[in-house]
Amino acid sequence: MTRQPEERGAELRALFFESAYELLQALNEGGLQLETHPGDEEVLRGVRRAVHTLKGDAAACGFAQLSELAHEVEEVLTPEVVQSRGAGIAEVVLSAADIFGTMLFAYERSAEPPPGVHLQKMIRDLLEGPASKKDLTAHDTRGAGSQIAAKFAWTEYEQLMISEAVHRGESVYNLSLRVDPNSLMRAAAFQLIRNVLHGCGTVIALRPEDNIAAATVEIVEAALATSFTAEAMAQRCRIPSIVSDVRIERAATAGIAEHELLDDLLEVQANLAHVEHPDDPAPGPGDAIGAAVATITETSLRVDAARIDAVMNLVGELIIGRSMLNRTLAEFDKKQARDPVRAKLADAMAFQTRVLDELHKCVLKIRMVPVEQLFRRFPRVVRDVAKQCGKDVALQVAGQNTDLDKGILDSLAEPLMHLVRNAVDHGIDPVDERVAAGKPARGTVFLNAYHQGAQVVIEVRDDGRGLDTNKLRTLAVEKGILKEDEAIRLGEQEVLNLIFEPGFSTAAAVTEVSGRGVGMDVVRSAMGKLKGTVHVSTQLGKGTTIQLRAPLTLASIQTLLFRVGGRLFAVPLSSVVEITRIREEEIHMVDQREILRLRDQLLTLVRLNRLDHIHAVAAPPAAPTKKTRFVIVIGAAEKRFGLLVDSLVGEEELVIKALPSDIVSSDLVSGASILGDGTVVLILNVPAVVSRFSKALPMEAIA
């Protein structure tokens, strides 16, 4: 069935927006690199290619205003403009990324995009401003040769060869040499010029091409890949009585679509060749293009996230189905222990389990993405906030290859944005304070990610002034968050957690960056929705570290099942430290808390049937109190506590199903699952349980 033009147009636009935001990220990264290395032609070429692609794609989707503005930006992204006015190029690129992003946001919502007047003014100012000293020097080196009217009309193939040479990192120059009109033997003169050119590097193109045509030509043109400088080549090419004038300039890389595609293909091929066969000789141009096209065709595939989620749900149903089969097989074993079919069924189940486990792992890997996708946004954020605050701040990133579920990664974007902005604005101290304290003038914000058990930990650390707990207490009282006597009784960790209270801010004044007291509250709320936690540690005068802990995936987990008061619960197996059995008389009351002495450790005990909201969820009648109970020792980071349970059921892989808020409103439950016999299991949110009891009890009470 043929799709309607409207459907094709909608699909085209969806693909455009997906790729456009990736191009904007490339612009941000390129702009930051041009800010520190304004003369880097490789970076400039990548930025120009991104703008060129955005221009063409926008035009194809009918977004004329964006396409025209991108064309104006592309016009200034040339080596000549960079050489003469390189200082302003980075600002133009970064501003272009901002206005392009705003226009895309408007196009997505079918709204009128904002005009790019400010960006257009920046472009005009850049082009009309005074030439830099570097530009004047470049013109001086050409001397009289600047009067030579050169064409450099290379063929398509020669232009491709120039593009390939530039991509390999070679310097490519266009040379124009005027043959001395007093030279009587033009053919011999051309041969001498040709020899000198070959001595300077690899001749990619040459006009004229032979001695016969050279007999009537006054200008010799060449494209040369070389390691020599322009001055050194000019000196070599000024052959007395043969060459009267020399003009040398950088060869402009091709800007048409075919050349842009070549750059992409060669980049893919070069990366693969370096990784897989670092010692092999470089392939020829034709081989590189063919292999790169094949590579892109075979390895790249865009799949809508909703389709992956649908597959994940089906795998979850298969896992539940396997649990049903296992229970049925167990019943069959009891009734038909000697039946020969039993062994065949067991073998079939074992095979199905292996295949299903592999399928489950494969689908999970598809959903996992490196946190680099998130971290790469923050160099621009740090740069902009530091500029607004008048500070000098660097960003150091580690753990970029740490994998995380795509859904969780997206949910962490907003809280991390607030943390990084706060680290620059609040955390890093002004330059004069840093110098007076013996610190480097430049402050540093550190981003790190790593796995810890079944969780991912993301740290935001700064080397700034740190948090003053006494000041935090005073602010909490002034803002009416706490009474004075309550503030005095708070432990140090509880004081640090005050920064997550709504309306709480340590900023002295409200600015564009901060001071409204909304950022850190958003962080805690977002982590609560993810069933994760946030932890603050600080050293006065040395800096602050904020840790975000979130589950690796919200799809499925290995759990330990147990019963409390007739209800079935589960806890992530990765959080279980050990299991022990105790008698009721071993439980002691200390400061209204139940304490168990386990070897040399005092362990706080938690009874789930006494917690609000959990026991109230359609709980069956409580079972009679037993003299002997099981204690599951749970560990989360450096904290330990014991869960007092009635009985253990066993280990089980559970597919997590989100619970509607009208069924259970407690943050102590992260979700539910369904067993093969239809029984509903509540899955405990261990970090939330630790957090709840850390607030309710003194810190030392949780061993």
Side-chain angles (χ1 to χ4, degrees), residues 20-59 63-104 113-139 142 146 152 159 162-163 166-167 171-174 230 249-257 259-260 263-264 379-380 383-384 387:
Y21 283 113
E22 293 178 4
L23 293 172
L24 290 192
Q25 182 59 45
L27 285 184
N28 276 315
E29 293 173 356
L32 293 174
Q33 288 178 285
L34 287 174
E35 200 167 43
T36 53
H37 306 289
D40 193 321
E41 292 189 11
E42 182 68 22
V43 175
L44 180 69
R45 192 165 62 86
V47 171
R48 182 182 173 87
R49 185 163 65 244
V51 175
H52 178 85
T53 304
L54 184 63
K55 177 186 74 173
D57 291 352
F63 302 139
Q65 191 172 335
L66 175 57
S67 179
E68 291 167 5
L69 189 58
H71 177 72
E72 292 184 48
V73 174
E74 186 182 15
E75 288 297 303
V76 301
L77 298 175
T78 63
E80 291 77 21
V81 175
V82 170
Q83 286 177 3
S84 60
R85 301 169 182 89
I89 286 289
E91 281 295 337
V92 169
V93 172
L94 293 173
S95 296
D98 291 339
I99 187 64
F100 290 164
T102 307
M103 295 175 81
L104 287 171
V117 178
H118 175 67
L119 179 59
Q120 290 169 326
K121 183 180 183 301
M122 290 182 68
I123 294 173
R124 285 196 303 271
D125 292 344
L126 184 69
L127 294 176
E128 295 169 4
S132 66
K133 182 178 178 181
K134 180 178 179 181
D135 181 56
L136 297 173
T137 305
H139 280 81
R142 291 203 293 258
S146 61
F152 302 131
Q159 290 180 44
I162 291 172
S163 293
V166 170
H167 182 84
S171 298
V172 181
Y173 292 91
N174 286 328
E249 63 182 44
R250 281 272 188 178
T253 54
I256 62 175
H259 298 168
E260 302 291 351
D263 292 336
D264 292 335
R380 174 73 192 276
R383 179 255 186 199
D384 289 349
K387 194 173 181 181

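This structure is a prediction, so every number in the text was calculated from the model and none was measured.
The NZ atom of K55 sits 7.5 Å away from the CZ atom of R48 when rounded to the nearest 0.5 Å. Between the CZ atom of R380 and the CG atom of L24 there is a distance of 10.0 Å, given to the nearest 0.5 Å. Rounded to the nearest 0.5 angstrom, L27 CG and E22 CD are separated by 12.5 Å. For the atom pair R49 CZ and E74 CD, the distance stands at 12.0 Å (nearest 0.5 Å). To the nearest 0.5 Å, atoms CG (L119) and CG (D98) are separated by 9.5 Å. Atoms CZ and CG, from F63 and L104 in turn, are 8.0 Å apart once rounded to the nearest 0.5 Å.
Contact detail for I99 and G116: the closest heavy-atom pair is CG1-CA, 4.2 Å. Between A59 and S67 the shortest heavy-atom distance is CB-OG, 3.5 Å. A70 and V51 get closest at one heavy-atom pair: O-CG1, 3.2 Å. The shortest non-hydrogen separation linking A20 to L54 is CB-CD1, 3.9 Å. P115 approaches Q65 most closely through the heavy-atom pair CA-NE2, 3.5 Å.
Side-chain contact, E29 with Q25: a donor N or O sits under 3.5 Å from an acceptor N or O.
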### Message
Test salt bridge (charged side-chain N to carboxylate O under 4.0 Å, His left out) on R383 and E91; report intermediate values, then the result.
### Response
CA-CA 12 Å; R383 179 255 186 199; E91 281 295 337; 2.6 Å; yes
### Task
Would you sort out whether R45 and E41 count as a side chain to side chain contact (heavy atoms under 4.5 Å, CB included), showing the intermediate values?
CA-CA 6 Å; R45 192 165 62 86; E41 292 189 11; over 6 Å; no
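Of the residues L77, V76, V73, N28, the one that meets the side-chain contact (heavy atoms from CB on, under 4.5 Å) test with V93 is L77.
Side-chain contact between E249 and Y173 is absent, with no heavy-atom pair separated by less than 4.5 Å. At a threshold of 4.5 Å between non-hydrogen side-chain atoms, the residues M122 and D125 do not count as touching.
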